[in-house]
Amino acid sequence: MSQVGFKVLFSDFEYDSLEIEENLIREQIPDIEFVYAQCRTEEEVIEVAKDVDAIINQYAPLGKKVIESLKDCKVIARYGIGFNTIDVQAATEKNIKVCNVTDYCLDEVSDHAMALLLSLARKVTFLNNKVKDGVWDYKVGTPIFKLRGSVLGLLGLGNIAQKVAKRAQAFGLKVIAYDPFIPREVAKELNVELVEFKELFRLSDYISVHTPLNETTIGIVGEEQFKWMKKEAFIINTSRGPIIDEKALIHALVNNEIAGAGLDVLEMEPIKEDNPLLKMEQVVLNPHVAWHSAESENELKRKTAQNVADVLQDKEPKYVVRVKN
């Protein structure tokens with residue numbers, strides 16, 4: 001195969017440099033052209049992507065309309081584990097491989113979930129803000145309950161959640177999980193009790209969300225689920241914002257149906273200035289950063305670029321998203 005004339009589009013990116021990706025691909029395919037865009041809509045992607053051989057994608061939407069407009073594209077490689085921005089079915093039907101990176105930032109996200117849990121449990125962020133406002137009084141943070149003996153419920157028991165379980169167990173928490181796709185022997189080996197969906201919310205003192213975002217999980221945590229939860233319970237989300245119905249969450253917080261929330265992800269990112277969550281002292285907000293470390297970012301860039309290089313060289317990439325029948 002003659003490796004000439006390939007065009008690779010970066011549909012959007014928030015990195016200061018793309019040198020890692022460019023160098024890795026160019027070392028394997030010298031005759032390559034890179035195209036750079038900051039697309040926010042499907043129309044913008046269609047405008048720049050028609051004749052490209054590969055797309056490296058971060059957040060820009062690549063729905064069916066975009067996929068159908070692609071003439072020569074062979075691979076769409078996403079920066080990340082999730083691929084909810086891409087119509088995988090439409091891409092597969094056009095023989096376009098969709099690639100993600102399933103094994104990066106596992107430690108970072110699991111560490112961050114625990115950091116949010118600890119901040120909520122010990123009122124760390126809340127008390128920090130009080131002290132800086134001139135209030136030196138531990139009683140403003142009460143009640144604070146000890147972690148040992150509390151119950152952490154994991155919504156999803158995949159790779160990241162399994163790491164969260166081990167970290168939580170080190171603090172003495174009992175860990176339960178809801179995940180209909182995880183074999184019971186796997187959960188047993190992790191010392192995690194599998195429970196039914198409603199039981200997860202009813203029994204947990206802390207709930208940590210780790211399910212992927214797809215058509216079956218959008219808004220899976222909503223008004224009914226918050227009513228199942230204990231009034232002293234907290235919810236933590238380091239997965240995807242739309243898994244939690246934000247309007248229902250705000251209602252539950254305003255009405256003291258739950259104790260608080262730690263959110264690294266939101267329905268709308270970046271958060272709007274008028275979002276009520278910004279004014280709630282019982283809520284810890286982060287800017288979708290759980291995945292990030294200097295090491296994980298470089299790993300993600302290398303593996304995303306290698307997915308592209310492999311496909312353009314007629315090799316099978318390590319990470320391919322398969323359509324479920």
Side-chain angles (χ1 to χ4, degrees), residues 80-82 84 101-126 145-179 182 186-187 190-195 200-201 203-213 217 220-221 225-226 229-230 232-244 246 249 253 258-267 269 271 277 282-293 295-297 299-300:
I81 297 173
N84 52 286
V101 181
T102 58
D103 57 1
Y104 96 107
C105 79
L106 304 183
D107 285 321
E108 286 83 355
V109 178
S110 52
D111 287 345
H112 207 89
M114 281 303 301
L116 289 172
L117 188 156
L118 291 167
S119 180
L120 293 168
R122 299 299 307 170
K123 307 289 179 67
V124 175
T125 303
F126 173 79
F145 303 103
K146 73 176 185 178
L147 286 175
R148 186 167 296 278
S150 297
V151 177
L152 169 62
L154 300 173
L155 182 56
L157 192 56
N159 292 332
I160 292 172
Q162 291 178 23
K163 287 181 174 287
V164 174
K166 292 179 181 179
R167 286 156 170 74
Q169 288 162 348
F171 283 90
L173 283 92
K174 177 184 177 181
V175 183
I176 63 176
Y178 170 77
D179 192 324
I182 289 291
V186 172
L190 293 163
N191 196 28
V192 173
E193 179 186 354
L194 288 178
V195 297
L200 184 85
F201 292 88
L203 297 174
S204 298
D205 299 296
Y206 308 91
I207 292 174
S208 191
V209 176
H210 298 285
T211 186
L213 177 63
T217 61
I220 195 173
V221 182
Q225 287 68 48
F226 290 120
M229 291 174 65
K230 302 176 184 178
E232 303 83 11
F234 297 91
I235 191 161
I236 296 141
N237 191 3
T238 54
S239 181
R240 288 292 185 270
I243 293 167
I244 295 177
E246 203 165 283
L249 171 63
L253 290 164
I258 63 172
L263 307 173
D264 183 55
V265 290
L266 295 157
E267 279 187 355
E269 298 177 4
I271 190 169
L277 294 170
Q282 73 273 45
V283 176
V284 177
L285 297 171
N286 281 179
H288 202 148
V289 70
W291 64 274
H292 179 71
S293 70
E295 296 85 355
S296 71
E297 182 173 307
E299 179 185 6
L300 176 61

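Bear in mind that the values here come from a model prediction, so they are computed numbers and not experimental data.
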A.B. asks: Test your reading of the model: is there a side-chain donor-acceptor pair from Asn237 to the backbone of Arg240, 3.5 Å cut-off?
C.D. replies: yes
A.B. asks: Determine, for Arg167 against Asp107, whether the closest basic-nitrogen to carboxylate-oxygen distance falls under 4.0 angstrom.
C.D. replies: yes
A.B. asks: How about Phe171: does its CZ atom have over 12 heavy atoms from other parts shown lying under 6.0 Å from it?
C.D. replies: no
A.B. asks: Please tell me if the side chains of Ile258 and Phe234 come closer than 4.5 Å, counting only heavy atoms from C-beta onward.
C.D. replies: no
A.B. asks: Given side chains that start at C-beta, do those of Asp205 and Leu173 come closer than 4.5 Å, heavy atoms only?
C.D. replies: no
A.B. asks: Tell me whether Glu108 contacts the main-chain N or O of Glu295 through its side chain, where contact means a donor paired with an acceptor under 3.5 Å.
C.D. replies: no
A.B. asks: Any chance NZ of Lys174 has more than 12 other-residue heavy atoms, nucleotides or ligands included, within less than 6.0 Å?
C.D. replies: no
A.B. asks: Drop me the distance from Leu116's CG to Asp111's CG, to the nearest 0.5 angstrom.
C.D. replies: 11.0 Å
A.B. asks: Taking Asp264's backbone N and O only, do any of them form a donor-acceptor pair with Thr238's side chain (distance below 3.5 Å, no angle check)?
C.D. replies: no
A.B. asks: Less than 4.5 Å apart, side chain to side chain, heavy atoms only: is that true for Leu263 and Leu249?
C.D. replies: yes
A.B. asks: Yes or no on side-chain contact (heavy atoms from CB on, under 4.5 Å) for Val109 and Ile81, after CA distance, side-chain angles and deciding distance?
C.D. replies: CA-CA 12 Å; Val109 178; Ile81 297 173; over 6 Å; no
A.B. asks: Write down the atom of Val151, the atom of Leu203, and the distance for their closest heavy-atom approach.
C.D. replies: CB-O, 3.7 Å
A.B. asks: Do Gln162 and Val186 make a side-chain contact, defined as non-hydrogen atoms from C-beta onward lying under 4.5 Å apart?
C.D. replies: yes
A.B. asks: Considering non-hydrogen atoms only, spot the tightest contact between Ala121 and Leu147 and give its length.
C.D. replies: CB-CD2, 3.7 Å
A.B. asks: With the side chain counted from C-beta on, respond yes when Leu300 and Cys105 share a heavy-atom pair under 4.5 Å apart, and no when they do not.
C.D. replies: no
A.B. asks: Rounded to the nearest 0.5 Å, what separation is found between the CG atom of Asn159 and the CG atom of Asp103?
C.D. replies: 8.5 Å
A.B. asks: Of the non-hydrogen atoms in Ser208 and Ala113, which two are nearest, and what is the gap between them?
C.D. replies: OG-CB, 4.0 Å
A.B. asks: Please tell me if the side chains of Val175 and Lys166 come closer than 4.5 Å, counting only heavy atoms from C-beta onward.
C.D. replies: no
A.B. asks: Treating Thr217 as the side-chain partner and Ile243 as the backbone partner, does any N or O pair qualify as donor plus acceptor under 3.5 Å?
C.D. replies: no
A.B. asks: For the OG1 atom of Thr102 and the CD1 atom of Ile160, what is their distance to the nearest 0.5 Å?
C.D. replies: 10.0 Å
A.B. asks: Show the nearest heavy-atom pair for residues Leu157 and Ala187, with the distance to one decimal.
C.D. replies: CD2-CB, 4.1 Å
A.B. asks: What are the two closest non-hydrogen atoms of Gly80 and Tyr104, and how far apart are they?
C.D. replies: CA-CE2, 3.8 Å
A.B. asks: Go through the steps to decide whether Leu120 and Val284 satisfy the test side-chain contact (heavy atoms from CB on, under 4.5 Å), and finish with yes or no.
C.D. replies: CA-CA 8 Å; Leu120 293 168; Val284 177; 3.9 Å; yes
A.B. asks: Quick one: do Val221 and Phe226 satisfy side-chain contact (heavy atoms from CB on, under 4.5 Å)? Show the steps, please.
C.D. replies: CA-CA 7 Å; Val221 182; Phe226 290 120; 3.8 Å; yes
A.B. asks: Side chains of Leu118 and Val124, heavy atoms from C-beta outward: is any pair under 4.5 Å?
C.D. replies: no
A.B. asks: Answer whether the closest heavy-atom distance between the side chains of Asn286 and His112 falls below 4.5 Å.
C.D. replies: yes
A.B. asks: Could you tell me whether the side chain of Ser239 and the main chain of Val209 form a donor-acceptor pair under 3.5 Å?
C.D. replies: no
A.B. asks: Would you check if the side chain of Gln169 reaches a backbone N or O of Asn191 as a donor-acceptor pair within less than 3.5 Å?
C.D. replies: yes
A.B. asks: Could you pull out the closest heavy-atom pair between Pro242 and Leu266, with the gap in Å?
C.D. replies: CD-O, 4.2 Å
